[in-house]
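Written below as structure tokens is the structure these notes are about.
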Amino acid sequence: QVQLVESGGGLVQAGGSLRLSCAASGRTVSSYAMGWFRQAPGKEREFVAAISRSGGSTRYADSVKGRFTISRDNAKNTVYLQMNSLKPEDTAVYYCGTSFSYSFTMAQNFGSWGQGTQVTVSS
């Protein structure tokens with residue numbers, strides 16, 4: 001079992017940057033591939049990025065590729081999402097979750113989830 005807590009969200013102007021953190025407790029985060037998803041009001045939870053157990057492989061949604069970077073520090077049991085060149089369409093609650101492969105992009109393939117952190121990008 002693993003418990004996840006997201007942090008780092010907030011209000012930012014378009015073009016700005018935020019760094020989200022996902023801190024894990026219980027089972028070590030190195031046991032899992034990790035992913036970031038986001039959910040805007042009225043929409044399904046949407047894949048953003050994923051990273052393998054060791055951090056050697058990553059995958060990104062087309063909408064964020066080149067702007068967002070997922071990384072992990074297994075010694076700190078923490079996964080990060082660096083978000084640059086933010087756009088209003090990035091506004092959502094961002095969640096991290098565990099999976100058994102970084103190649104998974106569907107929310108149903110992720111097990112434990114955090115409570116999410118709100119990211120709001122203004123024009």
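From a predicted model like this one, the values you see are computed outputs, not experimental measurements.
Ser21 contributes atom OG, which lies 9.5 Å from atom CD of Gln82 (distance to the nearest 0.5 angstrom). For the atom pair CG (Asn84) and CG (Leu18), the distance works out to 9.5 Å, reported to the nearest 0.5 Å. Between the CG atom of Asp90 and the OG atom of Ser63 there is a distance of 7.0 Å, given to the nearest 0.5 Å.
Enclosure of atom CD in Gln118 by more than 12 non-hydrogen atoms of other residues, nucleotides or ligands within 6.0 angstrom is indicated.
Proximity of a side-chain donor or acceptor of Asn74 to a complementary backbone N or O of Arg53 within less than 3.5 Å is detected. Between the Gln39 side chain and the Glu46 main chain, no donor and acceptor come within less than 3.5 Å of each other. When atom types are taken as modelled, the side chain of Arg67 and the backbone of Ser85 share a donor-acceptor pair closer than 3.5 angstrom. At distances below 3.5 Å, at least one donor-acceptor pair connects side-chain atoms of Arg72 with backbone N or O atoms of Ser52.
Here the shortest heavy-atom pairing between Ser123 and Pro88 reads OG-CG, 3.5 Å.
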| request: Please step through side chain to side chain donor-acceptor pair (under 3.5 Å) for the pair Asn109 and Ser99, ending with a clear verdict. | output: CA-CA 6 Å; Asn109 291 321; Ser99 75; over 6 Å; no
| request: Would you sort out whether Val119 and Thr91 count as a side chain to side chain contact (heavy atoms under 4.5 Å, CB included), showing the intermediate values? | output: CA-CA 5 Å; Val119 172; Thr91 296; 5.9 Å; no
| query | Under the side chain to side chain contact (heavy atoms under 4.5 Å, CB included) criterion, do Tyr32 and Val2 qualify, and how do the steps go? | reply | CA-CA 10 Å; Tyr32 305 96; Val2 61; 4.0 Å; yes
| message | Run the side chain to side chain contact (heavy atoms under 4.5 Å, CB included) test on Gln3 and Ser112 for me, step by step, so that the C-alpha distance in whole Å, both residues' side-chain angles and the decisive distance to 0.1 Å come before the verdict. | response | CA-CA 7 Å; Gln3 295 77 48; Ser112 298; over 6 Å; no
| Taking it one step at a time, do Phe47 and Trp36 satisfy ring-ring contact (aromatic ring centres under 6.0 Å, His included)? | CA-CA 7 Å; Phe47 172 76; Trp36 286 96; over 10 Å; no
| request: Please test Met83 against Leu20 for side chain to side chain contact (heavy atoms under 4.5 Å, CB included), starting from the C-alpha separation and ending with a verdict. | output: CA-CA 8 Å; Met83 305 185 295; Leu20 306 184; 3.7 Å; yes
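In summary, the side chains of Thr78 and Asp73 do not present any donor paired with an acceptor at a separation below 3.5 Å, with no hydrogens or angles considered. Side-chain contact of Ser103 with Ser101: a donor-acceptor pair under 3.5 Å is present, judged by distance alone.
A ring-centre distance under 6.0 Å is not found for Phe68 and Tyr60.
Within the cation-pi definition used here (under 6.0 Å to the ring centroid, within 45° of the axis), Arg38 does not qualify as a partner of Tyr95.
Counting only heavy atoms from C-beta outward, the side chains of Arg19 and Leu81 never approach each other to under 4.5 Å.
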